[in-house]
Enquirer: 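Got a structure for you, questions after.
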Amino acid sequence: LGTFTYVWRTNKTTAAGVILSTFVLGIIVTIIHLKGTSLLYWLFPTTLASFCIMNHRTASVLNLLAIFFAFPAIYPKLGLHEVIVIYSSLCLLSFFSYIFTIINQSQREQLSQLAERDALTGALNRRSLDENMQIALNNFSRNHSRKKSLIILDLDHFKSINDTYGHSTGDEILIRIARLIRSNIR
């Protein structure tokens, strides 16, 4: 309950995911040792769940540790063929979950990039401007010693450029202006 309260108040999920996954995987391994191999199959959903709530590297390490610590309870009670099948399945599940998590993270980063930048110029959009302005204002209120500046730029009568020379020329001008501004700011 304390972990859930911590996440709810702070919105920090990394430590909570590690704690929760470690706790659940530890419980499953302990139960397998105490109650026998009939509960072994609970390792499969907990393995998958750990990749959903944690970093892929941390999930891999915790799952490999769980598999390693479950081995003494499994091998004497099950035949070698069953142990190989179970361990192969768990390793494949971990491998595919690892790959899925990496792809998912990459897609999230791409989606975030698309949501905060203009597709044509690569410049930050209005939402990103608002967020960055809030961060800058907070930094300014803490550090008055550095000089700051803000430039607001408007391209007057840009519609007439598009109407006269075409949208492709207007797009090229916007791209070049954005590139020029980016190359001259810190």
Side-chain angles (χ1 to χ4, degrees), residues 1-25 45-64 92-186:
L1 185 60
T3 305
F4 294 111
T5 305
Y6 170 77
V7 170
W8 184 25
R9 290 182 184 223
T10 65
N11 286 332
K12 296 179 181 177
T13 59
T14 304
V18 172
I19 291 168
L20 184 62
S21 288
T22 303
F23 178 73
V24 171
L25 286 168
T46 54
T47 295
L48 184 60
S50 68
F51 280 97
C52 295
I53 61 174
M54 279 193 306
N55 174 301
H56 57 279
R57 289 187 183 106
T58 309
S60 296
V61 169
L62 283 178
N63 284 312
L64 288 174
L92 282 172
L93 177 63
S94 292
F95 174 73
F96 287 121
S97 298
Y98 185 89
I99 298 299
F100 172 77
T101 306
I102 290 171
I103 291 170
N104 190 20
Q105 181 63 33
S106 172
Q107 289 174 340
R108 281 184 186 184
E109 289 169 4
Q110 289 173 350
L111 187 59
S112 177
Q113 179 79 6
L114 290 172
E116 69 184 21
R117 296 202 174 262
D118 177 65
L120 177 67
T121 63
L124 294 174
N125 65 19
R126 176 62 188 259
R127 185 176 62 88
S128 296
L129 172 70
D130 291 343
E131 289 172 6
N132 287 330
M133 285 296 289
Q134 189 60 47
I135 291 168
L137 289 172
N138 289 340
N139 288 340
F140 177 73
S141 66
R142 285 189 296 244
N143 182 6
H144 296 290
S145 62
R146 290 186 67 190
K147 294 184 178 183
K148 281 110 177 133
S149 62
L150 172 66
I151 298 172
I152 297 177
L153 180 70
D154 182 29
L155 301 176
D156 290 333
H157 310 293
F158 194 77
K159 184 180 178 326
S160 64
I161 292 173
N162 277 338
D163 292 343
T164 305
Y165 301 104
H167 289 280
S168 60
T169 302
D171 289 350
E172 186 59 35
I173 291 171
L174 288 175
I175 291 168
R176 287 183 183 190
I177 289 172
R179 191 179 307 141
L180 178 69
I181 291 170
R182 260 194 312 274
S183 69
N184 289 295
I185 60 174
R186 287 185 251 162

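When reading the values below, keep in mind they use all heavy atoms of this one structure, side chains included, and skip hydrogens, waters and symmetry mates.
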Enquirer: What is the distance from atom CG of N125 to atom CG of L114, rounded to the nearest 0.5 Å?
Expert: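 It comes to 10.5 Å.
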Enquirer: Given 3.5 Å as the limit, does a donor-acceptor pair link the side chain of T101 with the main chain of S97, or not?
Expert: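 A pair under 3.5 Å: yes.
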Enquirer: Are F95 and S60 packed together at the side-chain level, in the sense that at least one heavy-atom pair is separated by less than 4.5 angstrom?
Expert: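 With C-beta onward as the side chain, the pair stays apart.
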Enquirer: Whether the side chain of T169 engages the backbone of Y165 through a donor-acceptor N/O pair (distance < 3.5 Å, no angle test) should be reported.
Expert: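 Checking the backbone N and O of Y165 against the side chain of T169, a donor-acceptor pair under 3.5 Å is found.
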Enquirer: What distance do D171 atom CG and I161 atom CD1 have between them, rounded to the nearest 0.5 Å?
Expert: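 Between atom CG of D171 and atom CD1 of I161 there are 11.5 Å.
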Enquirer: What distance do N162 atom CG and H157 atom NE2 have between them, rounded to the nearest 0.5 Å?
Expert: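 N162 atom CG to H157 atom NE2 measures 14.0 Å (nearest 0.5 Å).
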Enquirer: Taking CZ in R176 as the centre, count heavy atoms belonging to other residues, nucleotides or ligands within less than 6.0 Å. Is the count above 12?
Expert: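 Atom CZ in R176 is not crowded, with 12 or fewer foreign heavy atoms closer than 6.0 Å.
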Enquirer: Give me the atom names and distance for the closest heavy-atom approach of R127 to E116.
Expert: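 Minimum heavy-atom contact is NH2-N, 4.0 Å.
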Enquirer: Kindly say whether S128 contributes a backbone atom to a donor-acceptor pair with the side chain of N132 at under 3.5 angstrom?
Expert: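 Yes; judged by distance alone, with no hydrogens or angles, the pair exists.
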Enquirer: How about R108: does its CZ atom have over 12 heavy atoms from other parts shown lying under 6.0 Å from it?
Expert: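 At most 12 heavy atoms, drawn from other residues, nucleotides or ligands, come within 6.0 Å of this atom.
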Enquirer: Do L129 and L124 have side-chain heavy atoms sitting under 4.5 Å apart?
Expert: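 They are not in side-chain contact.
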Enquirer: Nearest 0.5 Å please: distance from the CG atom of N104 over to the CG atom of L111.
Expert: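 Interatomic distance, N104 CG to L111 CG, rounded to 0.5 Å: 10.5 Å.
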Enquirer: Just verifying a value: how many Å separate Q110 CD and Q113 CD, rounded to the nearest 0.5 Å?
Expert: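 These two atoms lie 9.0 Å from each other.
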Enquirer: Roughly how far, to the nearest 0.5 Å, is OG1 of T121 from CD1 of I173?
Expert: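 If I round to the nearest 0.5 Å, the distance is 13.5 Å.
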Enquirer: Would you kindly say whether Q105 and E109 are connected by a side-chain donor-acceptor distance under 3.5 Å?
Expert: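 Yes, E109 and Q105 have a side-chain donor paired with an acceptor closer than 3.5 Å.
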Enquirer: Going by heavy atoms in the side chains, are L120 and I175 under 4.5 Å from each other?
Expert: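 Heavy-atom side-chain distance check passes, below 4.5 Å.
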Enquirer: Return the minimal non-hydrogen interatomic distance between S50 and A59, and the atom names on each side.
Expert: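 Smallest interatomic distance, heavy atoms only, reads O-CB, 3.7 Å.
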Enquirer: Would you indicate whether the side-chain heavy atoms of T14 and N55 approach each other to under 4.5 Å?
Expert: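 Side-chain contact under 4.5 Å: no.
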Enquirer: Hey, is CZ on F158 packed in by over 12 heavy atoms from elsewhere, all under 6.0 Å?
Expert: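 Enclosed: over 12 neighbouring heavy atoms sit under 6.0 Å from CZ of F158.
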Enquirer: Report the C-alpha separation of L155 and L174 in whole Å, then their side-chain angles, then the decisive distance to 0.1 Å, and conclude whether the side chain to side chain contact (heavy atoms under 4.5 Å, CB included) test is met.
Expert: CA-CA 9 Å; L155 301 176; L174 288 175; 3.6 Å; yes
Enquirer: Would you mind telling me which of L48, L62, I99, T47 makes a side chain to side chain contact (heavy atoms under 4.5 Å, CB included) with S94?
Expert: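 Going through L48, L62, I99, T47 one by one, the side chain to side chain contact (heavy atoms under 4.5 Å, CB included) with S94 is satisfied by T47 alone.
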Enquirer: F51 and H56: which non-hydrogen atoms are nearest, and at how many Å?
Expert: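 Result for this residue pair: CE2-O, 3.6 Å.
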